[in-house]
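Notes follow the structure.
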Amino acid sequence: MDRILVIGACGQLGSELTNELGKIFGNDHIIASDISKPNSAIQGFKFEQLDVMNADRLAEIVDQHQITQIYHLAAILSAKGEENPQWAWNLNMTGLLNVLELAKEKNLDKIYWPSSIAVFGPSTPIDNTPQHTVMDPNTVYGISKLAGERWCEYYFEKYGVDVRSIRYPGLIGYKSLPGGGTTDYAVDIYHKALSEEPFECFLSEETYLPMMYMQDAIKATIDLMQAPAKKVKIRSSYNVSAISFSPREIVASIQGHIPSFTATYKPDFRQAIADSWPNSIDDSEAKSDWDWNPAFDLDKMTNDILTHLPEILGDFQKA
Ligand code: NAD
């Protein structure tokens with residue numbers, strides 16, 4: 001019987017993934033955990049407060065709840081990481097190594113750990129970036145994700161730990177606020193549009209980045225985790241791709257629904273990070289190994305967000 005621990009369950013991805021795992025396995029088979037106190041998005045789940053840096057507490061929770069799988073999502077993201085590189089490196093590396101070591105010692109069934117397009121750098125081919133290519137990340141976040149990918153493959157090859165990973169592009173969801181990444185503008189922009197406020201974008205209008213709607217990210221994660229082990233041929237991390245757009249294009253997509261919406265552009269330090277990342281990603285290996293296929297393009301995503309975000313916008317404004 002699967003019993004799943006989600007680490008970082010209060011975050012942008014964690015809160016949605018925890019709910020989806022609950023639908024598949026039953027809420028009583030999921031333990032949500034985070035360094036923060038539980039929030040309303042993960043109501044209905046058992047919760048354990050956990051700093052993933054504390055390996056003893058992690059082992060205690062795994063034993064107490066007879067955990068068989070861990071989704072380890074806690075990390076410091078790209079923009080926040082540049083503000084405190086040592087902190088980001090320590091959390092992103094020690095957290096992952098604590099989880100991998102525990103999986104080895106306790107023979108856990110499966111581990112999920114997300115990587116990012118931040119593993120690519122200025123020398124990486126920028127269009128349709130291949131799965132296997134030059135990787136020279138120049139942010140502490142990207143360096144930690146690339147090192148993490150190598151550790152995942154190492155634990156799989158040396159110890160047989162069934163660890164699986166996806167290099168997410170920028171994730172766009174409307175149910176929670178993002179945690180400090182370079183693609184966060186593409187979430188904030190919908191909040192501003194619905195609040196009838198002008199939007200000031202921290203990237204230039206022609207900055208193309210690979211992005212993905214949260215529903216597709218959840219689907220990719222579940223599809224990969226449910227694939228038979230023999231189909232998971234890449235044990236570092238899979239390229240996945242969905243949408244690639246610029247700030248100008250997302251503004252135009254929103255203007256299709258809200259013609260009065262306007263945006264201005266004032267690039268800050270995040271522009272240099274965005275410039276070091278690909279425009280678009282080649283995900284043919286994910287497609288052929290475990291049948292990855294995204295469902296949302298830009299306009300379908302805009303339509304879905306502008307339909308559903310108004311139902312919960314008041315909760316964000318109160319918070
Ligand atoms: P987030 O910042 O929204 O959530 C991270 C969660 O981890 C937070 O709830 C935070 O409280 C928790 N956390 C932080 N330190 C912790 C610690 N020491 N112990 C336990 N919990 C701790 O981030 P997210 O956007 O949900 O990202 C989740 C994962 O997906 C990360 O590994 C991130 O690198 C990866 N990812 C995200 C994106 C994106 O666009 N959001 C893109 C690529 C990869």
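Counting starts at 1 for both ligands and their atoms, following the listed order.
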Contacts table for ligand 1: protein N or O within a distance under 3.5 Å of ligand N or O, distances only.
residue	atom	partner	partner atom	Å
ligand 1	3 (O)	Gln12	N	2.9
ligand 1	9 (O)	Gly11	N	3.1
ligand 1	9 (O)	Asp34	OD1	3.4
ligand 1	9 (O)	Asp34	OD2	2.7
ligand 1	11 (O)	Asp34	OD1	2.6
ligand 1	11 (O)	Ser36	OG	3.1
ligand 1	18 (N)	Asp51	OD1	2.9
ligand 1	19 (N)	Leu50	O	3.4
ligand 1	19 (N)	Val52	N	3.0
ligand 1	21 (N)	Ile35	N	3.3
ligand 1	25 (O)	Gln12	OE1	3.3
ligand 1	26 (O)	Gln12	N	3.2
ligand 1	26 (O)	Leu13	N	2.8
ligand 1	32 (O)	Leu73	O	3.1
ligand 1	32 (O)	Lys145	NZ	3.0
ligand 1	34 (O)	Tyr141	OH	2.5
ligand 1	34 (O)	Lys145	NZ	3.0
ligand 1	40 (O)	Leu171	N	2.8
ligand 1	41 (N)	Gln12	OE1	3.0

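Remark: Lys192 does not engage Glu200 in a salt bridge, criterion side-chain N to carboxylate O under 4.0 Å.
Atom CD of Gln66 has 12 or fewer neighbouring heavy atoms from other residues, nucleotides or ligands inside a 6.0 Å radius.
Of the possible polar contacts, one joining the Lys110 side chain to the Met225 backbone as a donor-acceptor pair under 3.5 Å is found. Remark: the backbone N or O of Ser15 is paired with a side-chain donor or acceptor of Asn19 at under 3.5 angstrom.
Below 30°, between 30° and 60°, or above 60°: for His308 and Tyr174 the angle between ring planes is below 30°, a parallel geometry.
With hydrophobic clusters built from ILVMFWY side chains whose heavy atoms lie under 4.5 angstrom apart, Trp151 does not share a cluster with Val119.
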